[in-house]
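One structure is given here, and the rest of the page talks about it.
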Amino acid sequence: MKLVELSGVTRSFASGRRARVLAVDNVSFSINRGESVGLVGESGSGKSTLSRLICGLTPAEDGEIRLNGKPITAPSRAVQMVFQSADEALNPAFTIARNIAVGLGLSNAGALPEVRSVAAKVGLPPELLPRLPHQLSGGQQARAGIARALIAQPELLLLDEPTAALDVSVQALVLRLIDRLRTETGCATLLVSHDLDVVRLMCTRVLVMYRGRIVEAGPVNQIIEAPRHPYTRLLVSATPGRNQGDRMTLPSTAPHADTEACHFRDRCPMATDICAQSRPKLDDMAPGHAVACHHSSSAAPQISGSGAC
Ligand SMILES: Nc1ncnc2c1ncn2[C@@H]1O[C@H](COP(=O)(O)OP(=O)(O)OP(=O)(O)O)[C@@H](O)[C@H]1O
């Protein structure tokens, strides 16, 4: 049932005069086969680094990532990434056909029948295949990026803000396409997004990340309707159209390097001494709903019955 399992995964980067920035700090979770999971959090919280770790594009410093029970140590065809911009996804010097074939590790005409077939699946007409990426619209480039990932027949598709560079009407089309392909192929998805409404539409479960850590995880409706972690509440309240009276802005913040404390404590209205002294564990508060907060019980709002997916 479990497709991917992360245990204690950690990755830091050198950062100017400061020794290290902990981009991903001792993160553990799993994704089941065919599951659609969202990953949300403010800019710099570590979402892209986490995706790249799972994809094998960035090595972990500590911890382990397993795919079907076997450690991932390098990029594998079973895990493919759809990037947020064509610049990352497509080689500007390659035709669209050749870019798609790269997903198979091939870049020659031998891949053409498969390229045509996957292009048709994502709605790219064959006459676009000989073109260069800059000769396509943003939506067509996004489709080509999805085709490049899909041609490898992945078991897990990592979608790093796949529609961030597109205008709203095209975004909706591409999101619908991704949802249809997920259902057709049965592959699991991890969707990185700033947009909780998109995550609610596309995913059954969501992971909330803050400064390198998962602070809340659970069924997407339950988390949006009744968030338990103070940061998730802030995130939900900052979503346009919600809790207007209590909306707060989310300034960009630098990740902490300290491992033995709650990273949210300096922004948390409920912080006490224990928050500076020990790291809260991600504990189950309800079936499938986990929260990492020393005060999650006292802070918990009533869960209305409207939530679990
Ligand atoms: N190659 C790198 N070298 C140095 N620091 C890095 C590198 N990659 C990421 N970081 C740092 O790690 C932290 C997490 O970055 P990451 O890109 O994973 O966040 P994110 O949540 O995906 O942000 P965004 O939503 O803006 O894309 C940030 O502080 C970032 O500056």
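Atoms within each ligand, like the ligands themselves, are counted from 1 in listed order. When a residue number appears, it is its place in the shown sequence, counting from 1.
For the pair A14 and ligand 1, the shortest N or O to N or O distance does not fall below 3.5 Å.
Residue contact check for ligand 1: G41 places no non-hydrogen atom closer than 4.0 Å to it.
Salt bridge D179/R182: present, at least one basic N to carboxylate O contact under 4.0 Å.
Less than 4.0 angstrom separates some heavy atom of A23 from each of these atoms of ligand 1: 12 (O), 13 (C), 14 (C). Close contacts of ligand 1 with S43, meaning ligand atoms under 4.0 Å from a residue heavy atom, involve 23 (O), 24 (P), 25 (O), 26 (O). For ligand 1, the atoms closer than 4.0 angstrom to any heavy atom of E42 are 21 (O). Interface atoms of ligand 1 facing T49, defined by a heavy-atom separation under 4.0 Å, are 9 (C), 15 (O), 16 (P), 18 (O).
The heavy-atom pair separating C293 from P230 by the smallest distance is SG-CD, 3.9 Å.
Checked against side-chain hydrogen bond (donor to acceptor under 3.5 Å, both in side chains), R77 has no partners two or more places apart in sequence or in another chain. For T232, the side-chain hydrogen bond (donor to acceptor under 3.5 Å, both in side chains) partners two or more places apart in sequence, or in a different chain, are E216.
Only the side chain of H194 comes within contact range of ligand 1, with a heavy atom under 4.0 Å; no backbone atom does.
Side chain of H229 to main chain of A292: a donor-acceptor pair is present (N/O by atom type, distance under 3.5 Å, no hydrogens or angles). Side-chain atoms of K47 do not come within 3.5 Å of backbone N or O of L191 as any donor-acceptor pair.
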